[in-house]
Amino acid sequence: MTDLHRLSIRELSEGLAGSKFSSRELTEHYLKRIAKIDAQVQSYVTVTPEQALAQADAADALRKSGMANVLTGVPVAHKDIFCTHGIKTTAGSKILDNFISPYDATVVAKGKVAGLVTLGKVNMDEFAMGSTSESSYFGATKNPWALDHVPGGSSGGSAAAVAADLAPFATGTDTGGSIRQPASFCGLTGLKPTYGRVSRFGMIAYASSLDQGGPMARSAEDCAYLMNVMAGHDERDSTSVNIDADDYVANLNGTSVKGLRIGIPKQYFNVAGLDADVKARVEESLKKLEDMGATLVEIDLNMTDAYVPTYYLIAPAEASSNLQRFDGVRYGYRCENPVDLTDLYKRSRSEGFGPEVQRRILIGTYALSAGYYDAYYVKAQKVRRLIQQDFLKAFESVDVIAAPSAPTTAYKIGASLDPVEMYLGDIYTIAVNLAGLPAINAPVGFDKDQLPVGLQLIGNYWSESQLLSVVHQYQQATDWHTKRAAIAEENA
Ligand code: GLN
């Protein structure tokens, strides 16, 4: 079969169960596509063909013995922020260029239990800091829709791999938009779960109170399958919540759009810098949801102006603390010929970290330093609570909140936005992380340059099933999620 990469996760699961193809055939098919097409997209940092084929054969054997699960033998790509036993895990950084983890992240381990076949590790902004994937030490990943554009970030490799049909779905992480924004830039569906829903064990920390893993795929249905694997309590992550995860696939038709109250924040649609095409596509998608029976309700989110400054104090503060562990001593990059311990720390870190990571460590260290701590960090934490309360108040009168995922479509590679311009592009995604809420991106059309536009729906705590279900209903009634970039049409 030449078109295995066109099948949805449900079709892959049914095809494997019905012996239409084996996991080995499917895995070889994807590996061939990666070998032929990924030189143009550069979504993978590491491809693991031998391990993938061994896992595929094991999956096929399990299938023969009647012991297979729904996803046994389905391939996946993991963001290179999830630790993988025996396979390099770089977080997009020179400082971890030689790091081979002695254990699997819980998300990776759960994937193995479910029978997923790991194709490899995909590219990302260094330590997930960025919105373009250009800050990766391993070079920029390209947007499959326009190779001279970025795929977004930080989970740009995950997005590009799925959009180019180099993986049927992928894991991502979202600290301030890193699942939703690249999903938006690459025409995919991506879910950022409620904080605590997916284990962070073995997921290299950027800002621990904001980080959350989640699925990236073509459709809400495909995301639901991966969410069933990723979600759940984990004793090894103290912030993981001890509430049973839903069956997201079974719940796909659980929420009707009819009668759904969708909040439209006044402040969000008047943001300077909101692209006219993005605004138009998002409004058309909301009109469609209205036609399907939803009610649009104007709401106030008064704290909008505080999002960017608050996030860009808290995230770097936590990052400066988390990244102290990379010191060149026990693992990771070490500078040549250190003269003493201080020299070893200094040079290993200044040679090993890229400029954006260094900038954030400096901002974060400053915000946490004695004398500035109350004025910056503590103040930001207080404002963070006000942002959360703003959302909770809105959820008293609406079921979900709609927004663009990003004010623009994908940037040109090398557009060299200054850091503040880049940070402002996160306006629609970061408040969700500050409040710990779940949110989803769904593709809703294209701009004048044929670049994808995304709609974001934000839900109340633990409403992942509802968000997936609403997007699933929308995708039953529209076909934006079925559109393919030209490069994805290429056969290997
Ligand atoms: N662009 C945001 C940042 O640079 C969000 C990144 C993320 O979610 N990991 O921090």
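Keep in mind that this is a model prediction, so the values were computed, not measured. Every number for a ligand or one of its atoms is a count from 1 in the order of the listing.
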Exercise for the section: Flag Thr173 as yes when one of its N or O atoms lies below 3.5 Å from any N or O atom of ligand 1, and as no otherwise. Expected result: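 No; the residue has no nitrogen or oxygen that sits under 3.5 Å from a nitrogen or oxygen of the ligand.
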Handout entry: Geometric N/O contact Tyr311 with ligand 1, under 3.5 angstrom
Key =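 Tyr311 vs ligand 1: N/O contact under 3.5 Å present.
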Sub-4.0 Å heavy-atom contact, [X] with ligand 1:
X	answer
Ala315	no
Met422	no
Tyr312	yes

For ligand 1, the portion of [X] having any non-hydrogen atom under 4.0 Å away:
X	value
Arg360	side chain
Thr175	both
Phe127	neither

Exercise for the section: May I ask you to identify the nearest protein heavy atom to atom 2 (C) of ligand 1, giving residue, atom name and distance to one decimal place in Å? Expected result: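 Sorting protein heavy atoms by distance from atom 2 (C) of ligand 1 puts Asp426 OD2, 3.2 Å first.
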Exercise for the section: Specify the protein heavy atom at minimum distance from atom 6 (C) of ligand 1: its residue, its atom name, and the distance to 0.1 Å. Expected result: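 Minimum-distance protein heavy atom for atom 6 (C) of ligand 1 reads Ser178 OG, 2.8 Å.
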Ligand-residue contact atoms, ligand 1 with [X], heavy atoms, under 4.0 Å:
X	result
Ala128	6 (C), 7 (C), 9 (N)
Gly176	5 (C), 7 (C), 8 (O)
Tyr206	3 (C), 9 (N), 10 (O)
Ser154	9 (N)

Problem - Spacing of OH belonging to Tyr268 relative to CD belonging to Gln456, to within rounding of 0.5 Å - result: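 It comes to 7.5 Å.
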Practice task
May I ask you to say whether Arg385 pairs ionically with Asp390, meaning some side-chain N is under 4.0 Å from a carboxylate O?
Solution key: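 No, Arg385 and Asp390 are not salt-bridged.
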Problem - Basic-acidic side-chain contact under 4.0 Å: Asp97, Lys88 - result: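 Yes, this pair counts.
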Exercise for the section: Go through the side-chain N and O atoms of Gln181 and Ser131 and say whether any donor and acceptor fall under 3.5 Å apart. Expected result: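 Per modelled atom types, Gln181 and Ser131 side chains form no pair under 3.5 Å.
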Handout entry: Donor + acceptor pair across side chains of Asn441, Ser405 (<3.5 Å)
Key =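 A pair is found: one side chain offers a donor N or O, the other an acceptor, under 3.5 Å apart.
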Exercise for the section: Indicate yes or no for a side-chain donor-acceptor contact from Asp104 to the backbone of His85 under 3.5 Å, with no hydrogens or angles considered. Expected result: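 Yes, the answer is positive, given that a donor and an acceptor are paired below the 3.5 Å cut-off.
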Handout entry: Passing option when Thr46 is tested against Thr84, Thr118, Ile87 for side-chain contact (heavy atoms from CB on, under 4.5 Å)
Key =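 Only one option passes, and that is Ile87.
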Exercise for the section: Output, in order, the C-alpha distance, side-chain angles, deciding distance and verdict of side-chain contact (heavy atoms from CB on, under 4.5 Å) for Gln388 and Leu434. Expected result: CA-CA 7 Å; Gln388 181 205 27; Leu434 290 167; over 6 Å; no
Practice task
Indicate the ring-plane relationship of Phe391 and Tyr307, choosing parallel, tilted or perpendicular according to the 30° and 60° boundaries.
Solution key: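 The rings of Phe391 and Tyr307 lie parallel, inter-plane angle below 30°.
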